[in-house]
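Start at 1 with the first residue, then count along the sequence. Just so it is clear, the values below take in all heavy atoms, side chains as well, and ignore hydrogens, waters and symmetry mates.
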Amino acid sequence: FDSWHLLLLEQLTRASDERIAAIAEKAKKEVTYHLRRSADLVVRLGDGNEESHRRMQAALDELWMYTGEMFEVDSVDEILESHGIVDSVSGLHAPWLAQVSRTLAAATLKIENGSSVTVTTRKTMVSATSRMVSAISFGVFLRLAPSTMAIMRSRNVAPASAVIRTTSQSERTRVPP
């Protein structure tokens with residue numbers, strides 16, 4: 001995800017909306033740090049001991065097919081592209097795959113089925129680009145989102161501290177908040 005996120009931010013720095021471009025530029029430094037840390041962790045675990053390598057490879061084999069969803073274009077992406085705010089997210093796939101492939105090679109991990117991505121028959125994820133850009137452009141820039149207005153009115157410097165933490169759990173998967 002961090003590789004995709006950095007590529008998206010680099011694309012957003014060229015957005016026609018100056019506010020989006022400025023925020024994307026500021027966010028790049030933080031995301032670059034996260035990419036460096038997550039890539040280092042993948043390499044350390046993938047190229048670590050036999051057990052860590054086995055677990056990393058098993059996780060990669062099980063989850064790789066879902067990576068293609070980051071590059072699916074929906075109606076919000078099409079609107080943003082038509083207004084020159086962002087280029088098509090599908091164009092991020094090749095540079096993303098090159099970056100991820102380098103990290104996986106350093107971690108001695110292999111992508112199942114070569115570098116193909118299986119498209120699921122049922123869409124299980126929301127387009128992250130759409131949600132992120134929508135939240136940024138409508139909530140922060142225009143300050144019209146009800147949640148943003150409530151935070152601004154409260155002048156609470158840490159609004160997230162009031163959020164109650166919950167955890168969803170199923171028989172096989174534990175999903176933290």
Inset, instruction - Starting at OG of Ser38, measure out to OH of Tyr33 and round the result to the nearest 0.5 Å. - result: 10.5 Å
Inset, instruction - Indicate yes or no: at least one non-hydrogen side-chain atom of Lys28 is less than 4.5 angstrom from one of Val31. - result: no
Inset, instruction - Please round to the nearest 0.5 Å and tell me the distance separating atom CD of Gln57 and atom CG of Leu104. - result: 8.5 Å
Inset, instruction - Measure across Gly46 and Thr108 and return the closest heavy-atom pair with its distance rounded to 0.1 Å. - result: O-OG1, 3.3 Å
Inset, instruction - Would you mind checking if Glu51 and Arg55 are paired as a salt bridge, meaning a charged N to carboxylate O distance below 4.0 Å? - result: yes
Legend entry - Reported CG-to-CG distance for the pair Leu9 and Leu35, which is rounded to 0.5 angstrom: 11.0 Å
Legend entry - Side chains of Leu60 and Met56 in contact at under 4.5 Å (non-hydrogen atoms): no
Inset, instruction - Measure across Glu78 and Val73 and return the closest heavy-atom pair with its distance rounded to 0.1 Å. - result: CG-CG1, 3.7 Å
Inset, instruction - If the plane angle is over 60° it's perpendicular, under 30° parallel, otherwise tilted; pick one for Phe71 and His93. - result: perpendicular
Inset, instruction - Compare all side-chain heavy atoms of Lys29 with those of Lys26 and state whether any distance is below 4.5 angstrom. - result: no
Inset, instruction - Answer yes or no: is there a side-chain heavy-atom contact under 4.5 Å between Trp4 and Val100? - result: no
Inset, instruction - Could you grab the distance from atom OG of Ser75 to atom CG of Leu80, nearest 0.5 Å is fine? - result: 9.5 Å
